[in-house]
Amino acid sequence: MSKESSLLELIDTVLANDEVILPVFDHTALRVQQEVSKEEPNINDIEKLINCDPALTTKVLSVANSAFYKGLEGANTIRRAILRMGVNEVANLVILVSQRRNFHSDDPALAKIMEQLWQHSVGCATGAHWLAKQCGFLSTLHEAFTAALLHDIGKLFLLTAIGEVKKQQGPSIKIPDALISEVLDNFHCSYGYNLMLQWNLPQIYAEVARDHHIDNFDHKNFLLIMVRLADKACHKLGIGFHRNPDIVLKGAPEAGLLNISEINLAKLEILLEDSLGLSC
Ligand SMILES: [Fe+2]
Ligand SMILES: [Fe+2]
């Protein structure tokens, strides 16, 4: 049996025995997400939902006032943040902050990988959101951000399960980083897709998690295309686990499908480098 399939078997065993506390999609974030997806979201309801979670509220306001949102200082209540930033942007922050809670591990090696994964997820979310704006998909700004933030959720899922495997096996088990990386790369799409279905998130997000690496992807699914391009840009810049400076974004089929200019691709790269400053 290969090392990869034996690790996968251990992962599946802890999952089958319900021995892992899996990443969750925060209840408040889910309700906010459902409300902003409506044609006419109720701002009062969104405000109330967020305010019911004081820890979430504090974090959302601190990110809203951070250096990344330059010029937005003074948004000291959720209502003010909504008025200044818009309801979609605040909903993005709610998902960002609530997802951040999932990216923790007691195992230092896994915690380090999760940190890189978090940087990658935020980079992709920022990039896909910008692409949606730039390419005129204004009604899908929130979807682009969410889909990209969650596209690699299968990796988080697998890392969480690997954490449990390590805990159960004790110090006797040594899992090389290269093996973890191989398992994450090869299996995160299918595990991510299933997790999305379990979370009852809209199918559009599950499809992005499933199809963001396949060659034969849907050329009409612009949400998927934007996430794929943002993902490639992050890989080019080394935002995440991999760095491949040889990627030519202009030559990517996704850039052609979005009809995006070389200048805008360069702007995307600058934006992504800046997104590394977005902490929460
Ligand atoms: Fe991926
Ligand atoms: Fe990715």
Side-chain angles (χ1 to χ4, degrees), residues 25 29 33 36-37 68 85-96 99 117-156 188-189 192-193 195-196 199 201-242 244 247-276 278:
F25 198 91
Q33 202 268 325
V36 289
S37 308
F68 189 75
M85 304 168 74
V87 74
N88 280 320
E89 199 71 37
V90 171
N92 289 346
L93 281 188
V94 167
I95 293 180
L96 187 81
Q99 275 300 307
L117 181 60
W118 176 247
Q119 293 291 353
H120 176 74
S121 304
V122 174
C124 283
T126 310
H129 181 263
W130 185 85
L131 282 169
K133 211 187 252 178
Q134 206 62 34
C135 300
F137 296 104
L138 298 181
S139 60
T140 60
L141 294 181
H142 175 68
E143 279 85 357
F145 184 90
T146 307
L149 189 72
L150 302 175
H151 78 287
D152 273 339
I153 203 73
K155 289 188 179 177
L156 179 70
H188 72 284
C189 293
Y193 177 71
L195 181 64
M196 295 277 203
W199 279 352
L201 284 184
Q203 185 70 18
I204 49 167
Y205 300 128
E207 281 170 12
V208 170
R210 184 189 63 196
D211 296 343
H212 67 273
H213 291 302
I214 59 170
D215 290 333
N216 194 13
F217 63 98
D218 181 357
H219 283 197
K220 291 197 177 81
N221 183 344
F222 285 97
L223 190 63
L224 174 67
I225 295 165
M226 291 185 287
V227 175
R228 287 175 63 109
L229 186 57
D231 191 37
K232 282 188 177 168
C234 284
H235 284 302
K236 176 179 166 69
L237 297 169
I239 302 173
F241 318 100
H242 306 296
N244 184 358
I247 292 175
V248 181
L249 293 179
K250 187 64 194 152
E254 292 84 357
L257 290 163
L258 291 172
N259 198 18
I260 187 158
S261 68
E262 226 157 315
I263 290 176
N264 278 334
L265 287 170
K267 283 185 186 167
L268 173 66
E269 289 189 33
I270 294 166
L271 175 90
L272 288 177
E273 276 164 347
D274 286 351
S275 80
L276 287 169
L278 176 57

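The analysis underlying the following values was restricted to heavy atoms, covering all of them including side chains, and did not include hydrogens, waters or symmetry mates.
- Using a 4.5 Å heavy-atom threshold, the side chains of V227 and Y205 count as separate.
- One distance of note links CG of D211 with CG of D218; it measures 8.0 Å at 0.5 Å rounding.
- Considering only heavy atoms from C-beta on, F217 comes within 4.5 Å of E254 through its side chain.
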I'd like to know whether E143 forms a side chain to side chain contact (heavy atoms under 4.5 Å, CB included) with F137, so could you lay out the CA-CA distance, the side-chain angles of the two residues, the decisive distance to 0.1 Å, and finally the verdict. CA-CA 10 Å; E143 279 85 357; F137 296 104; over 6 Å; no
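- Atoms CG and NE2, from L224 and H212 in turn, are 9.0 Å apart once rounded to the nearest 0.5 Å.
- Using a 4.5 Å heavy-atom threshold, the side chains of H142 and V87 count as separate.
- Distance check: E262 CD to L265 CG gives 7.0 Å after rounding to the nearest 0.5 Å.
- At least one side-chain heavy atom of Q99 sits less than 4.5 Å from a side-chain heavy atom of F25.
- Ring pair H188/H213 is perpendicular by interplanar angle, where above 60° counts as perpendicular and below 30° as parallel.
- A230 approaches A128 most closely through the heavy-atom pair CB-N, 3.6 Å.
- Residues K236 and L272 have side chains not in contact (no heavy-atom distance under 4.5 Å, counting atoms from C-beta outward).
- Residue C189 holds its SG atom at 8.0 Å from NZ of K155, rounded to the nearest 0.5 Å.
- Distance CG/L149 to NE2/H129: 12.0 Å, rounded to 0.5 Å.
- At distances below 3.5 Å, at least one donor-acceptor pair connects side-chain atoms of S261 with backbone N or O atoms of N264.
- L257 and F222 get closest at one heavy-atom pair: O-CE2, 3.7 Å.
- Within 6.0 Å of CD1 on I263 lie no more than 12 heavy atoms contributed by other residues, nucleotides or ligands.
- Under a 3.5 Å cut-off, the side chain of K250 and the backbone N or O of I260 do form a donor-acceptor pair.
- In this model, a donor atom of one side chain and an acceptor atom of the other lie less than 3.5 Å apart for D231 and H151.
- Scanning all heavy atoms of the two residues, the minimum distance from L268 to A233 falls at CD2-CB, 4.0 Å.
- Using a 3.5 Å distance cut-off with no hydrogens or angles, the side chains of H242 and H120 do not pair a donor with an acceptor.
- Heavy atoms only, all atoms of each residue included: A252 and L229 are closest at CB-CD1, 4.5 Å.
- Partner M196 forms a side-chain contact (heavy atoms from CB on, under 4.5 Å) with one of L150, V208, I204 and no other, that one being L150.
- Residues W118 and L96 are in side-chain contact: their nearest non-hydrogen atoms beyond the backbone lie under 4.5 Å apart.
- The shortest side-chain heavy-atom distance between P202 and Q33 falls under the 4.5 Å cut-off.
- Counting non-hydrogen atoms of neighbouring residues, nucleotides and ligands closer than 6.0 angstrom, the NZ atom of K133 reaches no more than 12 such neighbours.
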Run N88 and L141 through side chain to side chain contact (heavy atoms under 4.5 Å, CB included) and show every step you take. CA-CA 8 Å; N88 280 320; L141 294 181; 5.6 Å; no
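- Rounded to the nearest 0.5 angstrom, T126 OG1 and E273 CD are separated by 13.0 Å.
- Of all non-hydrogen atoms in L271 and G127, the two that sit nearest each other are CD2-CA, 4.2 Å.
- Across every non-hydrogen atom of F145 and N92, the tightest pair is CE2-O, 3.4 Å.
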